[in-house]
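Below is one structure; the comments refer to it alone.
Predicted model, so just to flag it, every value in this text is computed and none were measured. Chain naming here is simple, since letters A, B, ... match the order of the sequence lines and numbering starts at 1 in each.
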Amino acid sequence: MPKLSPEYYLNENVVELSKDLIGKVLFTKFEGKLTAGIITETEAYAGINDKASHAYGGKRTHRNEVMYHQGGKAYVYLCYGLHHLFNIVTNTENIPHAVLIRAIYPIIGEKEILKRRNAVKNNYNLTVGPGKVSQALGIQTKHNGLVLSGNQIWLEDQGISFNQKLINVGTRIGVEYAKEDALLPYRFWINHSDIRL
DNA sequence: CGTACGATCTGCT
DNA sequence: GCAGATCGTACGA
């Protein structure tokens with residue numbers, strides 16, 4: 001299966017891209033361990049005018065530096081001191097757009113995923129939630145800045161698509177501080193019960 | 001240098 | 001439903 005091309009991530013419409021990412025497959029291979037899952041929930045963070053974004057107002061720090069790079073890299077940061085959140089940087093250089101991956105549906109390396117999550121069975125609680133996604137796939141802040149066309153973290157289009165009616169749209173989670181921007185319909189998800197492989 | 005706080009998860013009630 | 005975990009980052013002194 002082909003990896004998504006580097007051009008895919010240059011899309012200027014991060015909201016549209018967030019929706020398009022639903023159904024794509026996210027892979028990681030660390031220390032020879034291959035794991036992957038279908039992306040089932042995303043959130044768009046739309047650059048310097050988005051109050052919820054780390055780059056709001058053009059803020060540029062050591063932490064969010066990679067957001068200003070050309071699209072197609074991983075932006076991984078630590079949240080609440082213990083969760084590694086994985087984002088996909090999009091758009092061209094100096095336009096700090098990103099998509100937070102909030103949930104996946106595991107399809108490869110389930111054993112490894114269960115082990116990393118310290119779980120015994122696969123229920124929807126296993127990989128729904130951004131901190132859980134990173135834990136399941138072994139993604140940590142040390143992977144910040146990795147190119148998504150490489151051989152550690154990458155995405156594939158496996159031709160999985162969903163009826164548009166199954167794609168839910170809503171407001172982003174945990175961004176109350178963004179005031180009116182917290183109301184934007186920038187979150188997309190499908191229910192795992194709607195997945196037919 | 002000190003401090004406040006998060007794009008969350010878990011376990012207990 | 002709610003509190004505790006846990007620490008790098010950001011920012012002001």
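At whole-Å resolution of the value, CG in A:Leu85 and C1' in B:dC9 are 11 Å apart. Atom CG of A:Asn64 is separated from atom P of B:dA7 by 12 Å (rounded to the nearest Å). Rounded to an integer number of Å, the gap from A:Asn87 CG to B:dA7 P is 11 Å. Look at CG on A:Leu183: it is 17 Å from P on B:dA7, rounded to the nearest Å. Atom C1' of nucleotide C:dC7 and atom CD of A:Gln140 are separated by 15 Å, given to the nearest angstrom. If you measure from atom CG of A:Leu78 to atom P of C:dG8, you get 7 Å, rounded to the nearest angstrom. Here the P atom of nucleotide C:dA5 and the NE2 atom of A:His83 are 13 Å apart, to the nearest Å. Note: CD (A:Glu65) to P (C:dT9) measures 13 Å, nearest angstrom.
Phosphate contact (OP1/OP2 of C:dT9, side-chain N/O of A:Lys59, threshold under 4.0 Å): absent. The side chain of A:Tyr75 places no N or O atom within less than 4.0 Å of a non-bridging phosphate oxygen (OP1 or OP2) of B:dA7. For C:dT9, neither phosphate oxygen OP1 nor OP2 lies less than 4.0 angstrom from any side-chain nitrogen or oxygen of A:His62.
With a 6.0 Å radius and a threshold of 12 heavy atoms from other residues, nucleotides or ligands, A:Asn151 has its CG atom at or below the threshold.
Here A:Tyr45 packs flat against the base of B:dA7; its ring centre is closer than 5.5 angstrom to the base's six-membered ring, tilted by less than 30 degrees.
With contacts defined as side-chain heavy-atom distances shorter than 4.5 Å, the pair A:Ile101/A:Thr42 qualifies. Taking 4.5 Å as the limit, some side-chain heavy atom of A:Leu26 sits within range of a side-chain heavy atom of A:Phe86.
Within 4.0 Å (heavy atoms only), A:Arg117 reaches sugar-phosphate atoms of the nucleic acid but no base atom. Contact annotation for A:Arg63: backbone-only contact, meaning every heavy-atom pair under 4.0 Å involves sugar-phosphate atoms and none involves a base. Base engagement by A:Leu82 is indicated by at least one non-hydrogen atom pair under 4.0 Å involving a base atom.
A cation-pi arrangement is absent between A:Arg172 and A:Tyr186, since the terminal nitrogen or guanidinium carbon is not both under 6.0 Å from the aromatic centre and inside a 45° cone about the axis.
Comparing A:Leu100 and A:Lys132 against DNA chain B, the residue whose closest nucleotide sits nearer the 5' end is A:Leu100.
For C:dT6, there is no paired base (Watson-Crick or G-U wobble, both distances below 3.5 Å). Partner assigned to C:dA13 is none, using Watson-Crick or G-U wobble distances below 3.5 angstrom.
When each of A:Phe162, A:Tyr124, A:Tyr105 is paired with A:His192, the ring-ring contact (aromatic ring centres under 6.0 Å, His included) condition holds for A:Tyr105 and for no other.
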